[in-house]
Number of protein chains: 2
Amino acid sequence: MTSKYALDREDLTLNARLVRGLREAILSGDLKGGARLVEREMTEMFGVSRGLLREAIQTLASEGLITLVPHKGPVVTLLGREEAAQLYRVRGALEGLACSEFTQRASDEQRQELFDIFARLEAMVGKEEPNALVEAKNDFYRCLLNGTANEVLELMFTQLNNRIVQLRRLTLSASGRFPDTLKEIGRVVNAIRAGDGRRARDMAEAHVAAAAEVVQRRFSQLDLDKE
Amino acid sequence: MTSKYALDREDLTLNARLVRGLREAILSGDLKGGARLVEREMTEMFGVSRGLLREAIQTLASEGLITLVPHKGPVVTLLGREEAAQLYRVRGALEGLACSEFTQRASDEQRQELFDIFARLEAMVGKEEPNALVEAKNDFYRCLLNGTANEVLELMFTQLNNRIVQLRRLTLSASGRFPDTLKEIGRVVNAIRAGDGRRARDMAEAHVAAAAEVVQRRFSQLDLDKE
DNA sequence: ATCAATCATATTGTCTAACAATCTGTCAAT
DNA sequence: ATTGACAGATTGTTAGACAATATGATTGAT
């Protein structure tokens with residue numbers, strides 16, 4: 001029996017806040033891919049003890065945001081082209097599932113909210129507001145995942161997406177693709193509107209595959225292959 | 001250039017071994033779902049310091065095997081029927097992807113190995129050897145994932161499956177279903193043999209859905225719903 | 001000048017000890 | 001039976017220490 005008035009105990013522990021802070025620092029690009037995370041510097045940066053810091057690092061490592069190199073220290077995970085391709089393929093499967101589940105399970109309100117957010121996205125075509133765009137996209141996915149009523153999926157998709165965020169710098173510069181993106185997402189939304197979960201899923205997978213291709217092309221163009 | 005004689009540095013840190021040990025203890029059922037993990041007891045059990053233990057617990061918590069309850073301590077995650085259903089739906093998507101990728105990417109040797117393992121499974125029908133059966137199934141999935149050449153998928157699927165392992169007690173008792181299971185997997189294998197990735201995927205999803213249903217029925221029968 | 005062995009230093013891996021904050025169960029008072 | 005206070009246990013967090021390992025500089029030999 002969870003009361004409506006129950007206090008939020010989640011963030012009470014310093015540990016949880018530290019994990020959030022560190023994750024935020026990575027996702028925001030403040031700590032860039034490849035950066036070494038020296039314990040002494042990090043403890044000063046966050047004002048916590050070494051023990052706590054190490055606990056947080058373990059957590060983010062198992063989320064894939066940090067790579068642990070024994071005796072050398074943790075490093076912000078840097079994505080290579082092959083790893084990026086793999087991430088996108090898994091993402092296709094999860095996003096496809098999300099669309100299919102949303103179609104079956106979402107409430108009318110959630111459905112409506114999704115359509116509204118999509119309209120907001122459509123209104124942005126032509127304008128140059130990368131921040132608003134990123135936010136609207138985030139809203140879209142948040143709404144989509146919410147409507148799946150599947151917390152496991154929500155968690156896994158979020159974690160996967162967090163790892164992909166690092167590539168945003170690559171995709172942003174190719175933002176001329178936005179009209180195409182919109183068309184692809186539009187097909188997903190239409191399928192959801194029609195109640196056709198299977199098609200929504202297929203369209204979502206196609207969309208992710210297209211995005212993955214853009215990333216691969218950027219890798220080639222910039223010759224970003226690592227050792 | 002990795003030498004054949006390179007020492008295994010993976011397990012060198014006590015930390016890594018502790019994580020493995022603790023995970024093993026949970027997966028094996030030695031630490032059952034719902035069990036409290038009191039720090040003092042655990043440090044004695046594994047012979048490590050409190051700090052290390054807490055790091056390991058953070059790791060397993062973010063894998064979902066352990067649930068952290070602030071100020072009360074960690075608990076071995078106990079699956080309810082709803083969560084089980086969600087896990088299986090995600091698993092369907094991932095297993096489907098794995099089959100599809102295997103069809104496209106696996107080498108001839110990997111393909112052959114998969115067929116051999118399946119033959120081993122077929123030979124087990126009728127016999128009562130739960131241990132050998134579990135092992136053969138594990139081999140099957142290990143081979144399947146290997147052939148996908150997708151480490152991200154491998155990792156996510158493994159983590160997801162680890163969480164599901166806890167339900168094995170429910171599915172084992174319903175082992176009269178083995179012939180059906182075999183038939184379902186057989187359809188997957190046939191599709192792979194025919195090079196039809198799409199069908200392999202569909203069959204895999206059907207198989208997982210069937211397994212999920214069994215679990216749901218067991219939940220109903222045993223009336224295992226939690227608060 | 002180049003290469004290899006050596007050594008000093010920084011950093012990680014791990015442990016112990018301590019104390020504050022929080023939970024849990026007990027016992028007394030009403 | 002309910003409330004409240006109290007004691008013990010457990011978690012949350014910090015600090016300090018030392019061993020093992022990595023890194024970069026120095027030295028020595030060729």
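Shown here for G64(B) and T77(B), the closest heavy-atom pair between the two residues is O-OG1, 2.9 Å. Here the closest heavy-atom approach between residue R40(A) and residue T43(A) is recorded as O-OG1, 2.7 Å.
Residue N15(A) contributes atom CG, which lies 16 Å from atom C1' of dT22(C) at whole-angstrom precision. As rounded to whole Å, 15 Å separates atom C1' of dC19(C) from atom CD of E39(B). Taking atom CD1 of residue I57(B) and atom C1' of nucleotide dT11(D), one finds them 11 Å apart after rounding to whole Å. If you measure from atom CD of E55(A) to atom P of dG13(C), you get 15 Å, rounded to the nearest angstrom. Between the P atom of dT10(D) and the CZ atom of R36(B) lies a distance of 8 Å, rounded to the nearest Å. When rounded to the nearest whole Å, the span between CG of L53(A) and C1' of dG13(C) equals 14 Å. Protein atom CZ of R40(A) is 20 Å distant from nucleotide atom P of dA22(D), rounded to whole Å. Taking atom CE of M42(A) as the reference point, atom P of dT12(C) lies 10 Å away to the nearest angstrom.
Seen from the ring of Y88(A), R163(A) does not count as a face-on cation partner, given the 6.0 Å and 45° thresholds.
Looking at which nucleotide of DNA chain D each of K72(A) and G47(A) is closest to, the 5′-most match is held by G47(A).
Within 4.0 Å (heavy atoms only), L37(A) reaches sugar-phosphate atoms of the nucleic acid but no base atom. Residue contacts for G51(B): at a heavy-atom cut-off of 4.0 Å it reaches no nucleic acid atom on any strand shown.
Under 4.0 angstrom from either OP1 or OP2 of dT14(D) there lies no side-chain N or O belonging to R50(A). Neither OP1 nor OP2 of dT11(D) sits under 4.0 Å from any side-chain N or O of R54(B).
Checking dT21(D), dC15(C), dT11(D) against every side-chain atom of L12(B), the shortest atom distance belongs to dT21(D). In this structure, the nucleotide among dT14(C), dT11(D), dT13(D) sitting nearest to the side chain of L14(B) is dT14(C). Of the candidates dT14(D), dT10(D), dA22(D), dT14(D) carries the atom nearest the V48(A) side chain, counting heavy atoms from C-beta on. Minimum atom distance to the side chain of V38(B) is reached by dT10(D), of the listed dT10(D), dT12(C), dT13(D).
With no hydrogens or angles considered, a side-chain donor-acceptor pair links N15(B) and Q58(A) at under 3.5 Å.
Here the CG atom belonging to L37(A) is positioned 6.5 Å from the CG atom belonging to L22(A), to the nearest 0.5 angstrom.
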